[in-house]
Each structure stands twice: as C-alpha cells, then as structure tokens.
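Read through the structure below, which is laid out as structure tokens, and then see the notes.
Along the sequence shown, the residues carry numbers beginning at 1. Remember, it's a predicted structure, so these values are computed and weren't measured experimentally. FYI, side chains are in, hydrogens and waters are out, and symmetry mates aren't considered; it's all heavy atoms of this structure. All ligand and atom numbering here is 1-based and tracks the order in the structure.
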Amino acid sequence: MTRSEQLFERALRVIPGGVNSPVRAFRSVGGTPFFVTSADGAMLYTADGRQLIDFVCTWGPAILGHNHPAIKAAIATALENGTSFGTPNPYEVEIAELIVRFVPSIRKVRLCNSGTEATMSAIRLARGFTRRDKIIKFAGCYHGHSDSLLIKAGSGALTHGYPDSAGVPAAFARETIILPFNDPAAVAAAFAANPDQIAGIILEPYPANVGLILPEPGFLASLRTQCTAHGTLLIFDEVMTGFRLARGGVQELEGITPDLTTLGKIIGGGLPVGAFGGRADIMDCLAPLGPVYQAGTLSGNPLAMAAGIAALKLLEESNPYPRLNRLGREVQDALLAAARKKGLPLQVPQVGSMFAVFFTATPVRDYTTALTSDAALFGRFFHGCLDRGVYLPPSAYETAFLSTAHEGTAVARACQIMTDAIAAL
Ligand code: KE4
C-alpha cells in the first residue's frame, strides 16, 4: 500500500468518507485520493513522493501560488503576537478598508470564517432588510452548504424547491425558488408569481461549481433591472471570483453593481475566511446595530486577516490579471487543439485564470446542458493527467485554477501532459 492509501485507510476509520470535504474523496472520478504533505508555487508534494502541477490551487485561494513568502511572513509576524484575541484587532480594520477600496459596491463589510457563512448571512440579511422570505437561486450554482441554499429545482421551474440534502426541512426548501441560469424570462415569471415576496436573488455571476458557465449578454443586467424594479436585493456570490478575475471581481468586469457581495478564499491567503458586504444601509441592519443577528468566535482572526492583507496588497501591486488571462488562454488553446486532433467534442470555457472542461458538443449555457458532458470520459482524462503529473479538480463539474506561479515551465509542461492525456483517451 502507498502512504496515501495507508493514511486514507486510517482516515476512513475516524472521518466520514475519510475527508473533511466531500469533493476531496474522488468519488466522482474514482480511485483513492492522494495526501499532500507540502505545497510550493504551482506544485503539490504528495505523501507518496510525487510532484504534481496543481490546477486546484486549494479551490481558489492560491492565486499567487502556494506557500508565497510574503504571505508566510505576514502570518509569522502576526503569530508573534498571538493567534486570537476575541476582541477587535487592527488587522480587521485594514482588510475591511482594502476590500471597500477594491470593490466599489461594498461600502461596509463583515468578516467571517467561510464562504458558507458569508452566503448564509447574506441571505438572512436580505430577508431581514426586505422583510420577505423567498429567495431565488439558479440551478448549478453552489453557495456553500447552508440549509436555504442546498435546494434543487422543483418539478416546474416556478414551483418551490426541494431539499438537495437530507436534513433540510421541506419548509426551508419552499422558500427557495430555483431557476435556469441565462433565462431572464424565467426570472420575470418568478417575480410575477411571487409578487413582493422575493428578498433576494443570489448567484455566482460566473457559475464555476458546475464546470464554468459564462452569462449570456444582458443576463446579469436583466437581473439588476428586475431586482431594482421589485425591491429585491441582488447578491453576487464572488467567493470564488472575487479578486480572482479582477481586483473588483466579476462586478468590475461586467459593470453591474450588486446590493450585496459574498467573498472568501483569496481574502484569507489560504487561511479560513469569508466576508459579505455591500450597501451601508443594508449592512447596518446587522447586529449590534440592527436586528439581523450574525456572529463568529474567530471572525476577523488576526492570522487570517494578516494573510489576506498580504495577498490583497500583492494583487494590487502586481496586477497579475492580464498575465493570468494569457495563461488561461494558453491552456484553452492546447486542450482544444488536442481534442480537434483526437476528433473529440470538447468545450473549454475560460476566463482569466479559470477554465473548465466539458466533453460534449452541446453548447453549455446552464445546468441542464452542462450535464451533457461525458463525466466518465472526464474521469479517464482526470486520471490520465494525474498519472502524468497534473492534478485537475476531481470532478467533471468543477473549475480549474491557475496561479502566477504557473507561468513559464509549469504551464508549458502541464499543456503537454494534458495534450498527451487527451491523445491517450
Ligand atoms: P466554503 O464554505 O467552502 O468556504 O465556501 C462555499 C462556497 C460559496 N460560494 C462559492 C461560489 C463557492 O465556490 C464555495 C465553495 N467552493 C467549493 C469549490 N467548488 C469548495 C470546495 C469544497 O467544497 O471542498
């Protein structure tokens, strides 16, 4: 048995499924997950002595590569003074000021400890501010695992949702309406069917938990217009895309101003973090100022804040986004060329340092069309890449990430490996 297999066998005895987050278990691609003992730059170093070019980047935070010296130094400096105080600390103020400066729609921001907390809190805040109960989300969008968001579409697009997990009460699901992405008419019909009842629409403006789907022209603008007309809050979940695609996220790229934004991942520099922010009149409804309760023992933790401040300052100084987009295009070009040569239908949606792989000829524009991708073929591609030294997200319905550390040899080598893996399918 390899060391990873031994570790996984031990893990299975004491951790459900052997993992602390389901996607890590390789259930959708098959095989046994490897354990990582260290990471640096674009590389992961496994318990089995393997070196892998990493296209997961710990699911987004490592935009500057793993183990960045400036982020490590910031954590070490903060650590000298202790790990947690349970009181306000200067780091909280500094990172809040940075977020407000980077994202114009965010006038006030509350830090928390995960993206799930951020979206759960944003939904409660939207309900408290509007005094309405219903929310709209889109099939295929993932916003973490809070009860109101683990909901799948009902029989008809306009019927209430159903729990997408055991343990979610049907009563909760009834307050969540699930609609198809890229369908402004479905949104209009939902507003007509639920007049003055919809507190908020929450979406990933670039859905990246179903592979990667880009909004069709006018879709995001239609959401802004309809939310404004109906007194409904527009909530951009930028946990993944915030600071990943531009300093101001997708809302900067698309010129759309949401009422609330949720953040996570990059703003913690690899340590546990989440945040939500937006209009001051809405945010001031939060305790201790207002009636919407939200709290967290480790919210604003000095180590996580120090790491996030270092990451945001590095992004501001280096402005890596044009370079990261070129890297993303390089990977997209290599994959499409390899698939053409093999005669395989392949779509590689790409934006900035994010890309996904759909083995289908059907244009992917929403959850239903994303499901036409051949997941079994993706599994073979995934293992073909892993065997050759590239680690892609272990699911056909995730998005891959590049970092600034991939520039040069790592991306060139990875493109060759992925080309070889497609040729061998
Ligand atoms: P966390 O609670 O995992 O910090 O964030 C939840 C979340 C919220 N919103 C968006 C847009 C997200 O992508 C996520 C989490 N992303 C997944 C990756 N698909 C995390 C990986 C995992 O679950 O292990």
Q: Among all protein heavy atoms, pick the one closest to atom 4 (O) of ligand 1 and tell me residue, atom and distance.
A: Gly115 N, 2.9 Å
Q | Charged N-O contact under 4.0 Å between Asp333 and Arg326 | A | no
Q.
Between Phe378 and Phe358, is the side-chain contact (heavy atoms from CB on, under 4.5 Å) condition met? List the steps.
A. CA-CA 8 Å; Phe378 175 84; Phe358 291 117; over 6 Å; no
**Q.** Heavy-atom nearest neighbour in the protein, as seen from atom 2 (O) of ligand 1, with distance rounded to 0.1 Å
**A.** Thr116 OG1, 2.7 Å
Q.
Asp237 versus ligand 1: do any nitrogen or oxygen atoms come within less than 3.5 Å of each other?
A. yes
Q.
Heavy-atom count check: over 12 atoms from other residues, nucleotides or ligands less than 6.0 Å from Arg413 CZ?
A. no
Q. Is the closest basic N to carboxylate O distance between Arg50 and Asp48 below 4.0 Å?
A. no
Q | Within-cut-off N or O pair, Glu204 and ligand 1, under 3.5 Å | A | no
Q: Report, in ascending order of atom number, the atoms of ligand 1 lying under 4.0 Å from any heavy atom of Glu398.
A: 18 (C), 19 (N)
Q. Which of the atoms in ligand 1, numbered in the order shown and given with their element, are less than 4.0 Å from a heavy-atom of Ser21?
A. 22 (C), 23 (O), 24 (O)
Q. Which atoms of ligand 1 are found less than 4.0 Å from any heavy atom of Ser114?
A. 2 (O), 4 (O)
Q: Consider ligand 1: state whether an atom of it lies below 4.0 angstrom from any non-hydrogen atom of His145.
A: no
Q: Might you work through the side chain to side chain donor-acceptor pair (under 3.5 Å) test for Asn67 and Asp40, ending with a clear yes or no?
A: CA-CA 5 Å; Asn67 208 23; Asp40 195 76; 3.0 Å; yes
Q.
If the cut-off is 4.0 Å to any non-hydrogen atom of Gly144, which atoms of ligand 1 fall inside it?
A. 6 (C), 7 (C), 8 (C)
Q: List the closest protein heavy-atom neighbour of atom 16 (N) of ligand 1: residue, atom name, distance to the nearest 0.1 Å.
A: Lys265 NZ, 3.1 Å
Q) What protein heavy atom sits nearest atom 8 (C) of ligand 1, and how far away is it? A) His143 C, 3.5 Å
Q. Crowded around Tyr367 OH? As in, over 12 foreign heavy atoms under 6.0 Å?
A. no
Q: Please confirm whether Trp59 comes within less than 3.5 Å of ligand 1 when only nitrogen or oxygen atoms on both sides are compared.
A: no
Q. Parallel, tilted or perpendicular: which fits the ring planes of His230 and Phe191, with parallel below 30° and perpendicular above 60°?
A. parallel
Q) Would you say Phe219 has more than 12 foreign heavy atoms packed within less than 6.0 Å of its CZ? A) yes
Q.
Below the 3.5 angstrom mark, is there an N/O of Asn209, backbone or side chain, next to an N/O of ligand 1?
A. yes
Q. How would you list all residue pairs meeting salt bridge (Lys or Arg N to Asp or Glu O under 4.0 Å) that involve residues 199-223, not counting sequence neighbours?
A. Glu216-Arg365
